[in-house]
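Read through the structure below, which is laid out as structure tokens, and then see the notes.
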Amino acid sequence: MRLTRYFLPVLKETPAEAQIVSHRYMLRAGMIKQASAGIYSWLPLGFKVLKKIEDIVHEEQIRAGHIPMLMPTLQSADLWRESGRYDDYGQEMLRITDRHGRDMLYGPTNEELITDIFRANVTSYKDLPLTLYHIQWKFRDEIRPRFGVMRGREFYMKDGYNFDLTKEDALHAYNRHLVSYLRSYERMGLQAIPMRADSGPIGGDDTHEFLVLAETGESEVFYDSAVTDLTFGDREIDYDSVEQCQAIMEEFTTKYARTDETHDEAAFNEIPEERRRVARGIEVGQIFYFGTKYSEAMGASVQDKDGNKVPVHMGSHGIGVSRLLGAIIEASHDDKGIIWPEGVTPFHCGIVNLKQGDGDTDAACEGLYAALTKAGLEPLYDDRNERAGGKFATMDLIGLPWRITVGPRGLKNGVVELTSRKTGESVELSAEDAVARVVEIYAGV
RNA sequence: CGGGCUAUGGCGCAGCUUGGUAGCGCGUCCGUCUGGGGGACGGAAGGUCGUAGGUUCGAAUCCUGCUAGCCCGACCA
């Protein structure tokens with residue numbers, strides 16, 4: 001993309017409404033614009049990152065054997081009366097009346113809808129196990145939205161639901177989700193620690209929240225510092241293997257890591273003192289096993305081998321897709337702007353032309369642009385007639401991980417400059433080598 | 001929902017106390033000079049001062065209602 005043809009309304013000054021760094025940078029980098037309290041338009045740059053995150057979530061869910069679908073944002077209140085949650089949810093649920101006077105609601109979650117689909121179409125144990133998920137906009141009418149997309153009222157979320165014949169099968173589904181979530185976050189450049197949590201209004205027995213450590217986190221967290229040494233890496237995983245998923249779940253959840261809701265001071269104090277950590281975290285996902293709570297209330301059952309009608313065991317699992325943008329920025333930025341991890345960056349590489357209109361530099365930039373594009377990468381070429389300072393400041397703000405700087409001075413010696421946004425380190429090399437280097441970097445992402 | 005605050009051009013702000021017909025910086029547009037970290041000079045466009053009403057010869061400014069937004073708390077992914 002050429003910057004002169006793109007829509008990137010960056011701001012030099014910080015809008016007054018933004019308090020935390022991710023919100024400030026998202027506004028300044030032209031990623032979002034507030035439409036009303038807690039509701040945002042996603043401008044092209046923000047939309048691009050949102051889609052990258054969504055793509056990773058989809059890929060990892062499909063890899064784990066889960067099936068994508070899409071349910072509506074507006075739901076009938078009747079289903080929620082059936083589950084008993086229409087009254088439980090309170091003011092946080094946005095209630096709407098249609099022209100016929102029917103009670104509707106903008107869904108804050110989808111347990112009722114998915115259970116309705118399930119019970120209408122699944123009747124036999126042979127159809128199990130089944131895990132369906134979707135990524136859709138949700139709405140929770142927060143009393144006080146704040147922190148930009150981190151705590152908006154409208155938010156984009158992956159939510160999935162597993163249906164299993166037995167508790168054992170359902171726990172395997174739970175473990176699959178834990179593993180697939182670990183992989184997803186790691187691809188986004190995040191360390192999200194699974195912590196034993198409280199099940200809240202969804203209810204249930206087992207639940208883990210995934211938290212990204214950040215000073216601006218909403219939750220106080222207590223953990224054994226050994227958990228931050230764990231990484232999933234590129235290990236092979238067979239999602240059909242109950243033992244393997246179980247082993248990974250245990251590996252990542254045995255060491256002490258809890259939010260303040262479930263914190264146990266005595267257990268915490270058993271950790272060697274030098275490994276005890278108290279910090280803050282941003283919740284970016286949660287998985288639940290809740291047994292037959294919804295299936296019993298809503299009649300979601302199947303016939304087992306003996307012809308008996310039994311309620312299915314269920315779980316649900318969510319990833320806050322839109323919230324993740326905020327979390328990633330909170331975890332990865334400096335005083336100049338965002339630093340995107342390579343897995344979610346809106347463009348792979350920036351190209352800065354230091355002397356727009358100069359025949360040689362223009363030609364060199366065009367060459368780089370064409371070569372990177374041909375290699376399957378998406379460069380952002382700053383071809384504006386701006387001075388160097390302005391171009392650098394924009395690139396730093398929007399946080400592309402790599403920048404190729406092209407100027408007459410370097411070209412005289414046959415080199416361009418490749419700079420890491422994260423470390424600030426630059427190397428001079430030929431244009432061909434710069435392209436090769438960037439291609440190599442992204443080959444592993 | 002309790003407490004506090006704000007609303008003036010795309011963004012950040014001043015002007016309000018003491019009413020007299022709106023200003024600054026950034027950004028935008030045009031031109032010239034520039035050209036490796038938000039450059040300089042010259043010109044220009046852009047505002048029913050959130051909204052409704054009141055006081056007054058006259059309201060951005062004083063008074064009242066309403067709306068929207070922000071902060072702290074409680075709540076929440």
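Lettering of chains follows the sequences in order, A, B, ..., and the numbering in each one begins at 1.
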Look at the rings of A/His317 and A/His66 and say which category their plane angle falls in: under 30° parallel, 30 to 60° tilted, over 60° perpendicular. parallel
Which nucleotide sits closest to the side chain of A/Glu13: B/rC72, B/rG37, B/rC11? B/rC11
Does B/rC70 have a Watson-Crick or wobble mate here (both distances under 3.5 Å), and if so which one? B/rG4
Gap in Å between the two P atoms, one belonging to B/rG50 and one to B/rG10, rounded: 13 Å
Using a distance-only criterion (donor-acceptor N/O pair, under 3.5 Å, no hydrogens), is the base of B/rG35 paired with the side chain of A/Asp358? no
Looking only at B/rC76, B/rG37, B/rG35, the nucleotide nearest the A/Glu92 side chain is B/rC76
What contact category does A/Ala37 fall into here, base, sugar-phosphate, or nothing, at under 4.0 angstrom with non-hydrogen atoms? sugar-phosphate
Counting only Watson-Crick or G-U wobble pairs whose two distances fall under 3.5 Å, which nucleotide matches B/rC13? B/rG23
Using a 4.0 Å heavy-atom cut-off, does A/Asn353 contact any base of the nucleic acid, only the sugar-phosphate backbone, or nothing at all? nothing
Partner nucleotide, any strand, of B/rG65 [Watson-Crick/G-U, under 3.5 Å]: B/rU51
Any idea which of B/rC70, B/rG38, B/rG35 is nearest the A/Glu17 side chain? B/rC70
Relative to the 5' end of RNA chain B, which residue comes earlier, A/Phe155 or A/Asp396, by the nucleotide with the nearest heavy atom? A/Asp396
Regarding the side chain of A/Ala388, the nearest nucleotide among B/rG69, B/rG36, B/rC1 is B/rG36
Are a donor atom and an acceptor atom from the side chains of A/Thr207 and A/Gln286 found within less than 3.5 Å of each other? yes
Could one point to a donor on the side chain of A/Glu417 or the base of B/rG36 with an acceptor on the other under 3.5 Å away? yes
For B/rU56, give its Watson-Crick or G-U wobble partner with both distances under 3.5 Å, or none. none
Is it true that the NZ or CZ of A/Arg95 lies under 6.0 Å from the centre of A/Tyr89's six-membered ring and within 45 degrees of the ring axis? no
Pairwise P distance, B/rG20 and B/rC49 [rounded to whole Å]: 15 Å
Give me the distance, rounded to whole Å, that separates B/rC13 from B/rG54 when you measure between the C1' atoms they each carry. 30 Å
Of the listed nucleotides (B/rG73, B/rG12, B/rG36), which one gets closest to any side-chain atom of A/Pro15? B/rG12
Looking across every strand, which nucleic acid part, if any, lies under 4.0 Å from A/Gly152 by heavy atom: base, sugar-phosphate, or nothing? base
The side chain of A/Lys12 lies closest to which of these nucleotides: B/rG39, B/rC70, B/rC71? B/rG39
For the side chain of A/Glu386 and the base of B/rG38, is some donor closer than 3.5 Å to an acceptor across the two? no
Looking across every strand, which nucleic acid part, if any, lies under 4.0 Å from A/Gly320 by heavy atom: base, sugar-phosphate, or nothing? nothing
Tabulate below the donor-acceptor pairs under 3.5 Å that side-chain atoms of residues 399-416 of chain A make, not counting sequence neighbours, or state none.
from	atom 1	to	atom 2	distance (Å)
A/Trp402	NE1	A/Glu342	OE2	2.7
A/Arg403	NE	A/Thr405	OG1	3.0

Mind checking who B/rG37 pairs with, Watson-Crick or G-U wobble, both distances under 3.5 Å? none
Across the strands shown, which category fits A/Gly389 at heavy-atom distances under 4.0 angstrom: base, sugar-phosphate, nothing? sugar-phosphate
Should the heavy atoms of other residues, nucleotides or ligands under 6.0 Å from CZ of A/Phe47 be counted, would the total exceed 12? no
When the ring planes of A/Tyr381 and A/Tyr369 are compared, do they come out parallel, tilted or perpendicular, using 30° and 60° as the limits? tilted
Using the C1' atom in both, what is the distance from B/rA44 to B/rA7, to the nearest Å? 29 Å
Out of B/rC70, B/rG36, B/rC75, which has the shortest distance to the side chain of A/Gln19? B/rC70
B/rU6 to B/rU17 separation - P atoms, rounded to the nearest Å: 15 Å
Within the modelled atom types, does a donor on one side and an acceptor on the other bring the side chain of A/Arg387 and the base of B/rG38 under 3.5 Å apart? no
Roughly how many Å apart are B/rU8 and B/rG47, using the P atom of each and rounding to a whole number? 15 Å
Both distances below 3.5 Å, Watson-Crick or wobble geometry, any strand: find the nucleotide opposite B/rC75. none
Which whole number of Å gives the distance between the P atom of B/rG53 and that of B/rG39? 45 Å
Could one point to a donor on the side chain of A/Arg151 or the base of B/rC75 with an acceptor on the other under 3.5 Å away? yes
Looking only at side-chain N and O atoms, does A/His208 offer a donor or acceptor that is under 3.5 Å from a partner on A/Tyr174? yes
By the 4.0 Å heavy-atom rule, please label A/Gly410 as base, sugar-phosphate, or nothing. base
N/O donor-acceptor pair, side chain A/Arg24 with base B/rG12, under 3.5 angstrom: no
When you measure from the side chain of A/Gln34, which nucleotide among B/rG38, B/rG36, B/rG69 comes out closest? B/rG69
For the rings on A/Tyr294 and A/Phe118, is their centre-to-centre separation under 6.0 Å? no
Counterpart base for B/rG42, defined by Watson-Crick or G-U wobble contacts under 3.5 Å: B/rC30
Would you tell me if any nitrogen or oxygen in the side chain of A/Arg146 comes within less than 4.0 Å of OP1 or OP2 on B/rC76? no
For the P atoms, the ones on B/rU61 and on B/rC41, what distance do you get once it is rounded to whole angstrom? 36 Å
